[in-house]
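This report concerns only the one structure given below.
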Amino acid sequence: IEQPTFPKITEMCVKMIRRVNDEEGIKKLVNETFQKLWFTPTPHHDKEAMTRKILNITDVVAACRDTGYDWFEQLLQNLLKSEEDASYKPVKKACTQLVDNLVEHILKYEESLSDSDNKGVNSGRLVACITTLFLFSKIRPQLMVKHAMTMQPYLTTKCSTQNDFMVICNVAKILELVVPLMEHPSETFLATIEEDLMKLIIKYGMTVVQHCVSCLGAVVNKVTQNYKFVWACFNRYYGALSKLKSQHQEDPNSTILTANKPALLRSLFTVGALCRHFDFDQEDFKGNSKVNIKDKVLELLMYFTKHSDEEVQTKAIIGLGFAFIQHPSLMFEQEVKTLYNSILSDKNSSVNLKIQVLKNLQTYLQEEDTRMQQADRDWKKVAKQEDLKEMGDISSGMSSSIMQLYLKQVLEAFFHTQSSVRHFALNVIALTLNQGLIHPVQCVPYLIAMGTDPEPSMRNKADQQLVEIDKKYAGFIHMKAVAGMKMSYQVQQAINTCPKDPVRGFRHDESSNALCSHLYSMIRGNRQHRRAFLISLLNLFDDTAKTEVNMLLYIADNLACFPYQTQEE
């Protein structure tokens, strides 16, 4: 393959690979194509073919930097799963080759980075290679065990560009997965990792702190048990917060506080991040002290959520979100419920704070999901010795109770003018439904409403949820269809940038589709449901229904543009 055709091939691969979760026929085709292209062992002597393969994979990974890498994980999982019971495992062999060669390429790029002419190109390649190694580590961390020592020095990368930070974060993520699997790693190697991570936590910004604390969590909790080291770090930031709180209580307008704002923001974030990965109420940390650390941390962070500076409030809420992952029961505390629900339901509260509360709930649910999947995998290994259902139920029971507390306010966030607020609210609802934490019927009208969102990605996500609900519970969609139409009018009102103009019920593009066309296409297959739905909409035009005229215009638009298929309709 000549070099100039590479971008074209990358583009084709990106388009194909995005269909990895499509219907069965297409899924099979995608898996087969990439098995031939990437995951077939290469003869050892053919270095050129191997280099082409590495460049192609890393190009595709680099091209998907902004859209996420779910497809790669899905593809790799599908292929490895398909040969689980086979005696010959070509995909596994190909993966081992790819990982070994990616590490070789990294070392090559590292050498050429000192040659300043190609710096930009190669530093981008270096990031793509390390990101690809992380994706392999995520699915098969064993492949990277022998390379852990090679990766560790990259934690000391001098950070000046965005790419340097990405290198550090991805290396931390790789080591987090791989170090716990190493047999008898040397003490010097482990101590060096701990020191490197601590330096990064103290020196750099939020993203680096987050990944480094997470990596430190895996190394300390699973391997070194070096609790004193972490306890000293926690006390450093916790002590700083306590001191800043006292100063603020004495004089909220003190100039010392303004000067110390960066330290305050860093302490709020870092205390939260440490609490996410370490349970400081264990004896290993606090010894035989009777102080309840989680309550003290809650009190400190809650204090700063009432601060006058929004940036401080946001960081305090981020810190709380982290702490709740380790101790979900704190979300039942009255002051936390009041804080979250007032931010979500108050029309005047800041958009940033709303988004942060929704992000906290989203991260909590994602973590719970990961935890449940891990418990499931562990259980399958131990096999029938325990009643897994009980194990899972305790955890999902907690998540379910938590989501019941905040559900209404999260759903109401769909009626927000800012698309980012709607986006995170929809993510939280999708996670909640996928984990089966609530009865779906209460979400149906809201999802119908979100199916009219101007942004295609949100429409599709809401529509997808409705399709899933319809598969499991026939009749639910029809039952809530009229309520959903009315609610979609409210969403459109909230989004409407020009309040003087009435809201219309069709898309202002070449298609002129009804905003609720997906809803109608779900109902029209059942003649009885279809008739009942259309008649209910027509009844709203009756004088006795007293429907406001702008809503009638919206419904009339939908009725005019629904995707009808038969004369009877």
Do Asp100 and His147 have side-chain N/O donor and acceptor atoms under 3.5 Å apart?
yes
Would you say the side-chain atoms of Asn360 and Gln356 include a donor-acceptor pair closer than 3.5 Å?
yes
Flag if over 12 foreign heavy atoms under 6.0 Å of CD, Gln282
yes
Taking the six-membered ring for Trp, is the centroid-to-centroid distance between Phe280 and Phe234 below 6.0 Å?
yes
Might you point out which heavy atoms bring Met398 and Pro328 nearest each other, and give the distance in Å?
CG-CB, 4.1 Å
In terms of heavy-atom contacts, does NZ of Lys93 have more than 12 from other residues, nucleotides or ligands at under 6.0 Å?
no
Rounded distance [0.5 Å steps], CD in Glu176 versus CZ in Phe134:
8.0 Å
For Ala128 versus Val61, what's the shortest heavy-atom pair and its separation?
O-CG1, 4.2 Å
Going by atom types only, do Gln225 and Asp284 share a side-chain donor-acceptor pair under 3.5 Å?
no
Contact summary for Asn56 and Leu37, nearest pair of heavy atoms:
OD1-CD2, 4.0 Å
Show the numbers, then the answer: is there a side chain to side chain donor-acceptor pair (under 3.5 Å) between Thr224 and Glu194?
CA-CA 9 Å; Thr224 66; Glu194 289 179 340; 2.6 Å; yes
Please report the closest heavy-atom contact between Pro41 and Lys53, naming both atoms and the distance.
C-NZ, 4.5 Å
Going by an N to O cut-off under 4.0 Å, is there a salt bridge joining Lys28 and Glu32?
yes
How many angstroms lie between atom CG of Leu268 and atom CD1 of Ile317, to the nearest 0.5 angstrom?
10.5 Å
Using 30° and 60° as the class limits, which term best fits the ring planes of Phe269 and Phe322: parallel, tilted or perpendicular?
perpendicular
Would you kindly say whether Lys461 and Asn427 are connected by a side-chain donor-acceptor distance under 3.5 Å?
yes
Look at the aromatic rings of Phe285 and Trp231 and report parallel, tilted or perpendicular, splitting at 30° and 60°.
tilted
Looking at Lys81 and Glu84, is any side-chain nitrogen of the basic one under 4.0 Å from a carboxylate oxygen of the acidic one?
no
Write down the atom of Val223, the atom of Pro180, and the distance for their closest heavy-atom approach.
CG2-CA, 3.7 Å
Quick check for you: to the nearest 0.5 Å, what is the distance between Ile168 atom CD1 and Thr156 atom OG1?
7.5 Å
Spacing of NZ belonging to Lys138 relative to NZ belonging to Lys173, to within rounding of 0.5 Å:
7.0 Å
How are the rings of Trp38 and Phe72 set to each other: parallel, tilted or perpendicular (split at 30° and 60°)?
tilted
In Å, rounded to the nearest 0.5 Å, how long is the span from CZ of Phe34 to CE of Met16?
4.0 Å
Cys95 to Leu76 - nearest heavy-atom pair and separation:
SG-CD1, 3.7 Å
